[in-house]
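Here the structure is laid out as structure tokens; the discussion comes afterwards.
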Amino acid sequence: MSHPSFDNAALRVDDDGVTLRGARCSRCDTVSFPSRGRCASCYAPANLIDLAGTGTVVSHSTAMFAIAGAQPPVTIAQVSLENSGVELLGVSDGPVHIGDRVAVIPRVVGADDNLFTTYGFGKESSDA
């Protein structure tokens, strides 16, 4: 990837693509996103982890206004990531339905002289 991460606590960008970064509490196992040094539940130290790159759509909406790097209509998906209990919102690269399996994909946004990489979701192919 040729553009830096929009937030290194949330997203690692390298030649292999993008990886969501979270943290797991050393005491209560709560997982948070983006990563943080302390647990939001019990304030014990938290350890950096890579989150799953796939999940399931639990809700979605269509925005009829531009969102950074996307022109309307923009599908915004709420996704439950595998094995973490983390749900997050992101721009989808196309229409989705509740229950669809999606993968984390890179999205380049910003102005020509200040581009950076964030994340979005792409529907997994049915033959994968």
Should [X] and [Y] be counted in the same cluster of Ile, Leu, Val, Met, Phe, Trp and Tyr side chains packed under 4.5 Å apart?
X      : Y      : value
Leu89  : Ile67  : yes
Leu81  : Ile76  : no
Val109 : Leu88  : yes
Val31  : Val104 : yes
Val91  : Tyr119 : no

Looking at every non-hydrogen atom in both residues, tell me the closest pair between [X] and [Y] and how far apart they are.
X      : Y      : answer
Thr75  : Pro95  : OG1-CA, 3.9 Å
Pro72  : Ala63  : CB-O, 4.1 Å
Cys25  : Cys39  : SG-CB, 3.5 Å
Arg21  : Leu48  : NH2-CD2, 2.8 Å
Asp14  : Arg12  : OD2-NE, 3.5 Å
Pro106 : Thr117 : CB-CG2, 3.9 Å

Arg107 (side chain) donor-acceptor with Ala68 (main chain) under 3.5 angstrom: yes
Under 3.5 Å donor-acceptor, Asn114 side chain and Ala111 backbone: no
How far does [atom1] of [X] sit from [atom2] of [Y], to the nearest 0.5 angstrom?
X      : Y     : atom1 : atom2 : answer
Ser32  : Arg38 : OG    : CZ    : 12.5 Å
Phe116 : His3  : CZ    : NE2   : 11.0 Å
Glu87  : Thr56 : CD    : OG1   : 10.0 Å
Phe121 : Gln78 : CZ    : CD    : 9.5 Å
Ser35  : Asn8  : OG    : CG    : 9.0 Å
Thr30  : Arg24 : OG1   : CZ    : 9.0 Å

Is there a side-chain contact between Leu20 and Leu11, using heavy atoms and a 4.5 Å cut-off? yes
Test item: Glu124 and Val102 side chains (from C-beta on) under 4.5 Å apart, heavy atoms: no
Output all residues satisfying salt bridge (charged side-chain N to carboxylate O under 4.0 Å, His left out) with Asp93, sequence neighbours left out; order by chain, then residue number. none
Qualifying residues under side-chain contact (heavy atoms from CB on, under 4.5 Å), relative to Pro73, sequence neighbours excluded: Thr62, Met64
